[in-house]
Amino acid sequence: MKIEQDYLVKFLYLVQNLISKEVKFEKVEKVNEMCGVDVAYQGEIGVAAAVCNGRERRENVVIGKVSFPYVPGLLFMREAPIMIKALENLDYDLLLVDGHGIAHPRRSGIATVIGVLLNKPTIGVAKSRLIGEEVVEGGITYIVDKGEKLGVKVGKYYYSPGNLVTLQDVLNLSEGGYPSVLREADKLSKKYKKGVNQ
DNA sequence: GCGACAG
DNA sequence: ATCTTGTCGC
């Protein structure tokens, strides 16, 4: 029972290492439609909300039981499934995910996993640091781990590439403060979680 | 062995 | 993430 857990963690680490090798760093072109996704909880029930702001606002809310526990470094196992469901039928040029991208021990945070699985440009936006140190260079605070610049910290938030974007793209986005689509997704998920029980 | 540790 | 009131400040 305990051995199974150890093997599962080892297996998931291997999967993350493979996913990190699939990441592409390319400049994002023409971001007309941007989308943000977040999850709120009411006990074991997760409420995922995706909000997109393009010519017209589009949003999805998915409610379901989330059984995988929160394990630092393995957040994708808990939230990626319901987040991906919330993203169904939505179209966007850039996706913002609540959590880290490559600023992760195995360069495979939830924004990276989702970006590789969906083959979409993604950026991870987190409220706290998972790894690395903050190094200021030329007025910019970078998230550095083992000599690698993995992302930036702007204000109280940490931004890092998920997939199909460059560090410069991340810098440009972060200059705008906390992204409205994420704020909207957060608000929407918390709004719906209240009506879960009754 | 001792901390750190996305949400 | 969530449990939780008021309170200090722009």
Side-chain angles (χ1 to χ4, degrees), chain A residues 5-6 8-10 12-13 15-17 19-20 23 36-51 61-87 95-117 122-135 141-146 148-163 165 170 173-174 177-179 181-198:
Chain A
Q5 293 297 313
D6 291 338
L8 175 58
V9 169
K10 185 173 182 179
L12 294 174
Y13 279 14
V15 169
Q16 288 182 313
N17 284 324
I19 288 177
S20 71
V23 175
V37 63
D38 189 20
V39 183
Y41 296 89
Q42 182 63 277
E44 296 288 313
I45 305 302
V47 179
V51 175
V61 174
V62 171
I63 300 177
K65 180 174 181 179
V66 175
S67 52
F68 201 91
Y70 165 67
V71 179
L74 295 178
L75 178 63
F76 82 101
M77 286 297 292
R78 177 172 172 77
E79 302 194 335
I82 195 167
M83 277 184 170
I84 290 175
K85 278 187 184 176
L87 292 167
L95 174 64
L96 306 183
V97 181
D98 193 341
H100 290 288
I102 61 172
H104 177 281
R106 291 165 293 288
R107 312 295 183 258
S108 187
I110 188 169
T112 294
V113 174
I114 291 177
V116 169
L117 285 179
T122 60
I123 289 177
V125 183
K127 304 174 193 63
S128 61
R129 181 183 52 75
L130 176 58
I131 57 156
E133 48 190 277
E134 293 166 24
V135 178
T141 302
Y142 293 93
I143 304 172
V144 179
D145 182 48
K146 297 174 182 174
E148 279 185 281
K149 283 187 181 131
L150 302 174
V152 298
K153 179 183 184 184
V154 178
K156 48 189 293 193
Y157 298 100
Y158 299 80
Y159 304 78
S160 63
N163 188 34
V165 300
V170 172
L173 174 86
S174 63
Y178 193 68
V181 286
L182 277 178
R183 173 45 78 198
E184 293 301 307
D186 175 73
K187 208 169 71 177
L188 191 59
S189 63
K190 283 177 178 170
K191 168 186 172 186
Y192 273 79
K193 76 158 192 176
K194 293 180 180 176
V196 167
N197 292 319
Q198 181 184 187

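Residue numbering restarts at 1 for every chain, and letters A, B, ... go by the order of the sequence lines.
K156(A) places its NZ atom 15 Å from the C1' atom of dG7(B), with the value rounded to the nearest Å. With rounding to whole Å, I114(A) atom CD1 is found 17 Å from dA6(B) atom P. Rounded to an integer number of Å, the gap from D98(A) CG to dA1(C) C1' is 10 Å. Summarising the geometry, the separation between NZ on K127(A) and C1' on dA6(B) is reported as 9 Å, rounded to the nearest angstrom. Across the protein-nucleic acid pair, D145(A) atom CG and dA6(B) atom P stand 14 Å apart, rounded to whole Å. Atom CG of L182(A) and atom C1' of dA6(B) are 13 Å apart (whole Å). Counting to the nearest Å, the C1' atom of dA6(B) and the CG atom of L75(A) are 6 Å from each other. In this structure, the CZ atom of R106(A) is 13 Å from the P atom of dA6(B), given to the nearest Å.
Contact annotation: R129(A) reaches the phosphate of dC5(B) (side-chain N/O to OP1 or OP2, under 4.0 Å). Look at S128(A) and you'll find a side-chain N or O under 4.0 angstrom from OP1 or OP2 of dG7(B).
Contact annotation for G73(A): base contact, defined as any heavy-atom pair under 4.0 Å involving a base atom. Within the nucleic acid shown, L74(A) comes within 4.0 Å of at least one base atom, counting heavy atoms only. Contact annotation for I131(A): no contact, since no heavy-atom pair falls under 4.0 Å across all strands. As judged by a 4.0 angstrom heavy-atom cut-off over every strand, A40(A) is placed among residues touching the sugar-phosphate backbone only.
Under the 4.0 Å criterion applied to side-chain N and carboxylate O atoms, K10(A) and D6(A) are not assigned as salt-bridge partners.
With distances taken from any side-chain atom of Q42(A) to the nucleotides dC5(B), dG7(B), dC3(C), the minimum falls on dC3(C). Of the candidate nucleotides dA1(C), dC5(B), dG7(B), dG7(B) has the atom nearest to the side chain of D38(A). Nearest to the side chain of K193(A), among dA6(B), dC3(C), dG7(B), sits dC3(C).
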Evaluate the criterion side chain to side chain contact (heavy atoms under 4.5 Å, CB included) for residue pair I110(A) and E79(A); output intermediate values, then yes/no.
-> CA-CA 8 Å; I110(A) 188 169; E79(A) 302 194 335; 3.7 Å; yes
How far apart are the C-alpha atoms of D98(A) and K127(A), what are their side-chain angles, what is the distance that settles it, and do they pass the salt bridge (Lys or Arg N to Asp or Glu O under 4.0 Å) test?
-> CA-CA 8 Å; D98(A) 193 341; K127(A) 304 174 193 63; 3.0 Å; yes
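Put simply, the residue from Q16(A), H100(A), E148(A) that forms a side chain to side chain donor-acceptor pair (under 3.5 Å) with R107(A) is E148(A).
Nearest heavy atom pair, residue I102(A) against residue T112(A), reads N-OG1, 3.5 Å.
Evaluation of Y70(A) against the base of dG7(B) yields a stacking contact (centre distance < 5.5 Å, interplanar angle < 30°).
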